[in-house]
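Below you will find the structure I want to go over with you.
In the text below, chain A, chain B and the rest are named by the order of the sequence lines, each starting its count at 1. Because the structure is a prediction, the values reported are computed rather than measured.
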Protein chains: 2
Amino acid sequence: MADALEPEQLTTYFALMESASLLQHAVEQQLRSQSDLSHVQFQLLAKLAGTEGRMTMTELADGVVYSRSGLTHQAGLLEKEGLVTRAPSPDDQRATLVTITDAGRALVGRVLPGHIEVARRLLFEPLSDDDLRHLGDIMGRVRDHMRAQPPRSTAARRRRPPRAKERPAKG
Amino acid sequence: MADALEPEQLTTYFALMESASLLQHAVEQQLRSQSDLSHVQFQLLAKLAGTEGRMTMTELADGVVYSRSGLTHQAGLLEKEGLVTRAPSPDDQRATLVTITDAGRALVGRVLPGHIEVARRLLFEPLSDDDLRHLGDIMGRVRDHMRAQPPRSTAARRRRPPRAKERPAKG
DNA sequence: TATTGTTATACTCTATAACTATA
DNA sequence: TATAGTTATAGAGTATAACAATA
């Protein structure tokens, strides 16, 4: 099974995962205290707000991950709250174009400062400017690398051979 | 609401969160394909395996986060699978001492290589040795900082004033 | 036939509150 | 009274499979 990770890699990996977990947890609480958004919902809105405002479901899924059904579910919730709208794409009738509404933008604007404050307090407080530069550079590359990786959430269906149940019953 | 994060901070934060999310997702799939462990369960076992093998529930919760009930639930599942045992602590009759079993250790050993392989492929592949050193240093500090932060999962009960429902019904 | 998206369904995870027992 | 942990319960998130519609 190849050789194990260098100890430094293992340590780094665990530190990263624990930090991300703690940060996500904190962010989630902040979001809920200030809105009715889950972290995923916020990410979807933020993504829409940052990218011209409209994307297809598939584009939207990218990076935020999830099964399609999960995305459909979340998009449905956001739509029900009037934060986005969904309409068939003019280019491709199969595609659904998700558009952020003014209310959606407003909500992002309202929630973002507190969100940011959490990130600053938990993540950036102990970091120097130099650290920040390194971290930004590194994580940017890592993210791009991961995005380029084959098993993207959206592609899941294609690459799922019809194997039998490999996880029969568990309990 | 203070000033916004520097753009570089915002970019870094999002890159970190997305990467962590993608990585966690990949890791979770790997774990399930090779065992019946969720990521949390794996983390609990790994934590036990790395720390002499026995911890109280409260110690165990630290870093893996969760409500106590969630931890009780997960510990119960692990116990049912024979991966850990639970017994009252001799020092403090209130405390429950969780101990990893041989089967638990064996499972960690069996699953770890694949787990590691995912981390290497997704996280470390695009990084130089220098990057790794920086990242390890940075995330180690971040994690320590976050751990030191007040709202640790376990302490939740203490710091929860009996406020009324602030999230009445949502949908 | 391949792809986009939705629906139905089932299950897991997590949190809250109430409770027991020990310090 | 405060702390450690469990139980009951309820709700949200996610995934799988089956399905409809368009390319």
Exercise. Roughly how many Å is it from CG in A:Leu71 to C1' in C:dG5, rounded to a whole number?
Worked result: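 Distance, rounded to whole Å: 9 Å.
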Exercise. Counting any heavy atom closer than 4.0 Å, what does B:Thr96 reach on the DNA or RNA strands: base, sugar-phosphate only, or nothing?
Worked result: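 The residue B:Thr96 makes sugar-phosphate contact but no base contact.
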Exercise. Atom CD of B:Gln41 and atom C1' of C:dC11: how far apart are they, to the nearest Å?
Worked result: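 It works out to 14 Å between those atoms.
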For this session: Report the residue (A:Ser69 or B:Arg94) whose heavy-atom-nearest nucleotide on DNA chain D is the more 5′ of the two.
Result: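 Going by which nucleotide is closer to the 5' end, it is B:Arg94.
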For this session: Take atom CG of A:Leu78 and atom P of C:dG5, then tell me their distance rounded to the nearest Å.
Result: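 Rounding to the nearest Å, CG of A:Leu78 and P of C:dG5 are 16 Å apart.
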Exercise. Base, sugar-phosphate alone, or nothing: which one does B:Ser89 contact when heavy atoms must sit under 4.0 Å apart?
Worked result: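 If one applies the 4.0 Å heavy-atom cut-off, B:Ser89 turns out to touch nothing in the nucleic acid.
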For this session: Could you check how far CD of A:Gln43 sits from P of D:dG13, rounded to whole Å?
Result: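 Rounding to the nearest Å, CD of A:Gln43 and P of D:dG13 are 13 Å apart.
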Exercise. Which nucleotide in the list D:dT22, C:dG5, C:dC13 gets nearest to the side chain of A:Gln93?
Worked result: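 Looking only at side-chain atoms, A:Gln93 lies closest to D:dT22.
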Exercise. Think B:Arg68 has a side-chain N or O under 4.0 angstrom from the OP1 or OP2 of D:dA4?
Worked result: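 Answer yes for this pair, as a side-chain N or O of B:Arg68 is under 4.0 Å from OP1 or OP2.
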Exercise. Can you check the B:Asp36 CG to C:dT12 C1' distance for me, whole Å?
Worked result: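 It works out to 13 Å between those atoms.
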Exercise. Quick one: A:His73 NE2 to D:dA17 P, roughly how many Å, whole number?
Worked result: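 Checked: the NE2 to P distance equals 20 Å.
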Problem set entry | Parallel, tilted or perpendicular: ring planes of A:Phe14 versus B:His115, cut at 30 and 60 degrees |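 Parallel.
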Exercise. Reckon B:Ser67 has a side-chain N or O less than 4.0 Å from the OP1 or OP2 of C:dT16?
Worked result: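 For C:dT16, neither OP1 nor OP2 has a side-chain N or O of B:Ser67 closer than 4.0 Å.
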Problem set entry | Toward the 5' end of DNA chain D, by each residue's nearest nucleotide, A:Asp91 or B:Arg86 |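 Nearer the 5' end of the strand: B:Arg86.
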Exercise. Are B:Asp137 and B:Arg141 ion-paired here, with the side-chain N under 4.0 Å from a carboxylate O?
Worked result: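 Yes, this pair counts.
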Exercise. Between D:dG13 and A:Ser38, is there an OP1 or OP2 to side-chain N/O distance shorter than 4.0 Å?
Worked result: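 Answer yes for this pair, as a side-chain N or O of A:Ser38 is under 4.0 Å from OP1 or OP2.
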For this session: Heavy atoms only: give me the nearest B:Arg86-B:Gly76 pair and the separation to one decimal.
Result: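 Scanning both residues, the minimum pair turns out to be NH2-CA, 3.4 Å.
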Exercise. In whole angstroms, how far is the P atom of C:dG5 from the CD atom of A:Gln74?
Worked result: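 Atom CD in A:Gln74 sits about 16 Å away from atom P in C:dG5.
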For this session: Identify the residue among B:Val98, B:Leu44, B:Leu48 that makes a side-chain contact (heavy atoms from CB on, under 4.5 Å) with B:Met55.
Result: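 Among the candidates, only B:Leu48 passes.
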For this session: Identify the two heavy atoms, one from A:Gly114 and one from A:Gln34, that lie closest to each other, and give their separation to 0.1 Å.
Result: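 Scanning both residues, the minimum pair turns out to be CA-OE1, 3.8 Å.
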Exercise. What's the closest nucleotide to the A:Met57 side chain, out of C:dA23, C:dG5, C:dC13?
Worked result: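 Among C:dA23, C:dG5, C:dC13, the one nearest the side chain of A:Met57 is C:dG5.
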Exercise. Do any side-chain nitrogens or oxygens of B:His39 fall under 4.0 Å of OP1 or OP2 in C:dT12?
Worked result: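 Looking at the OP1 and OP2 atoms of C:dT12, neither is under 4.0 Å from any side-chain N or O of B:His39.
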Problem set entry | Between P of D:dT7 and CD of B:Glu79, the distance in whole Å |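 Rounding to the nearest Å, CD of B:Glu79 and P of D:dT7 are 10 Å apart.
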Problem set entry | Residue B:Asp92, side-chain atoms from C-beta onward, closest of C:dA23, D:dG13, D:dA4 |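 Nearest to the side chain of B:Asp92 among the choices is C:dA23.
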